[in-house]
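Contents: one structure, followed by commentary.
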Amino acid sequence: MKLYYSPTSPYVRKVVACAIVRGLDGRIEKHPTNPHESPPDLLADNPLSKVPCLITDDGLSLFGSQLICEYLDSLGDELPLFPEHGAPRWRALKFQSLGDGILDAAVPCRGELGRPKENARDAQIARYMSAISRTVDVLEADPPQKHIDIGSITVACALGYLDFRFASHPWRPGHPRLTAWYEAFAQNRGLSETATR
């Protein structure tokens with residue numbers, strides 16, 4: 001398999017962490033890519049010009065971390081990251097949505113922070129930051145469980161991205177339960193080997 005890859009993308013980190021947990025990382029060739037430059041090879045496989053983008057062994061192009069992670073979960077013999085049914089499934093998917101929601105606010109917010117100040121931009125930044133803050137509060141009240149599933153991996157990647165890109169707005173103060181969960185969970189191989197320094 002081939003993965004269009006950017007080492008600082010939290011969405012790529014989520015995919016690589018899932019691959020490691022599933023024991024598939026040795027089967028994936030990482031292809032370093034800057035999606036902002038829209039390289040022709042990426043566009044040929046993903047017209048959205050985004051990473052991650054996975055090319056399967058049979059040539060199918062998959063893009064978006066949710067889809068790629070679900071595909072990886074269909075391979076190998078490890079315990080599933082996507083529970084098949086019942087409350088565990090919906091809880092895992094809920095936490096995946098919360099983690100992805102943090103990233104969907106944090107990634108464009110970081111881009112806006114690098115642009116010249118103006119009222120409309122400041123209002124959008126405030127909206128992104130409020131969404132992140134509210135979601136971290138929800139996670140403090142009900143942290144993910146200790147076992148590894150798609151929800152816990154996604155939340156850990158989101159919190160790691162906040163550490164990496166928003167160090168001036170630390171999320172840990174006032175969130176002792178979530179901090180304790182994250183510090184323990186981040187020791188799992190899929191997270192420790194993909195941490196952005």
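Here the structure is a predicted model, which is why all the values come from computation and not from measurement.
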Query raised in the report: Between the side chains of Ser97 and Asp100, does any donor sit under 3.5 Å from an acceptor?
Result: no

Requested in this report: Examine Ile68 and Leu24 and state if one hydrophobic cluster contains both, with Ile, Leu, Val, Met, Phe, Trp and Tyr joined whenever side-chain heavy atoms are less than 4.5 Å apart.
Outcome: yes

Query raised in the report: Any side-chain heavy atom of Val16 within less than 4.5 Å of one from Leu3?
Result: yes

Query raised in the report: Do Ser152 side-chain atoms and His147 backbone N/O form a donor-acceptor pair below 3.5 Å?
Result: yes

Query raised in the report: Does any N or O in the side chain of Ser61 come within less than 3.5 Å of the main-chain N or O of Asp45, such that one atom is a donor and the other an acceptor?
Result: yes

Query - Heavy-atom pair with the smallest gap, counting every atom of Glu78 and Gly23 - result: CG-N, 4.4 Å

Query raised in the report: Does CG in Asp58 sit with more than 12 non-hydrogen atoms of other residues, nucleotides or ligands closer than 6.0 Å?
Result: yes

Requested in this report: Tell me, yes or no, whether the heavy-atom count around Glu84 atom CD, taken from other residues, nucleotides or ligands under 6.0 Å, exceeds 12.
Outcome: no

Query raised in the report: Does Arg121 reach the main-chain N or O of Pro116 with its side chain, forming a donor-acceptor pair under 3.5 Å?
Result: yes

Query raised in the report: Within a strict 4.5 Å, meaning less than it, do heavy atoms of the Ile150 and Asp73 side chains meet?
Result: no

Query raised in the report: Within the side chain of Asn46, is there an N or O that forms a donor-acceptor pair under 3.5 Å with the backbone of Leu43?
Result: no

Query raised in the report: Of all heavy-atom pairs between Ile28 and Ala19, which one has the smallest distance, and what is that distance?
Result: CD1-CB, 3.7 Å

Requested in this report: Check whether any side-chain heavy atom of Trp90 lies under 4.5 Å from a side-chain heavy atom of Lys94, and answer yes or no.
Outcome: no

Query raised in the report: Between Trp171 and Ser133, is there a donor-acceptor pair closer than 3.5 Å when you use the side chain of the first and the backbone of the second?
Result: no

**Report entry** Gln96 side chain to Lys14 side chain, donor-acceptor N/O pair below 3.5 angstrom
**Finding:** yes

Requested in this report: State, with a plain yes or no, whether a side-chain heavy atom of Phe82 is found less than 4.5 Å away from one of Asp149.
Outcome: no

Query raised in the report: Would you say Arg177's side chain and Pro143's backbone share a donor-acceptor pair under 3.5 angstrom?
Result: no

Query raised in the report: Okay, side chain of Arg110, backbone of Phe166: is any donor-acceptor separation there less than 3.5 Å?
Result: no

Query raised in the report: Near Asp57 CG, under 6.0 Å, is it more than 12 heavy atoms from other residues, nucleotides or ligands?
Result: yes

Report summary line: Partner of Arg189 under side-chain contact (heavy atoms from CB on, under 4.5 Å), picked from Ile148, Thr194, Asp25, is Asp25

**Report entry** Donor-acceptor pair, side chain of Arg13 and main chain of Leu191, under 3.5 angstrom
**Finding:** yes

Report task. Using modelled atom types only, decide if a donor and an acceptor are shared between the side chain of His36 and the backbone of Asn34 within a distance under 3.5 Å. Result -> no

Query raised in the report: Any side-chain heavy atom of Glu183 within less than 4.5 Å of one from Arg172?
Result: yes

Query raised in the report: Ile153 and Val107: same hydrophobic cluster, using ILVMFWY side-chain contacts below 4.5 Å?
Result: yes

Query raised in the report: Taking C-beta and beyond as the side chain, do Tyr5 and Thr33 meet within less than 4.5 Å on heavy atoms?
Result: no

Requested in this report: Would you tell me whether Ser38 and Ser49 have side-chain atoms, one donor and one acceptor, within less than 3.5 Å of each other?
Outcome: yes

Query raised in the report: Aromatic ring centroids of His31 and Tyr4 under 6.0 Å?
Result: yes

**Report entry** Side chain to side chain, Leu54 and Pro52, heavy atoms closer than 4.5 Å
**Finding:** no

**Report entry** Residue pair Val155 / Tyr182, side-chain heavy-atom distance below 4.5 Å
**Finding:** no

Query raised in the report: Which value, rounded to the nearest 0.5 Å, describes the distance between Leu98 atom CG and Leu93 atom CG?
Result: 11.0 Å

Query raised in the report: Does the side chain of Tyr128 come under 3.5 Å of the side chain of Asp104 through a donor N or O and an acceptor N or O?
Result: no

**Report entry** Short side-chain to backbone donor-acceptor contact, Ser9 and Ser6, under 3.5 Å
**Finding:** no

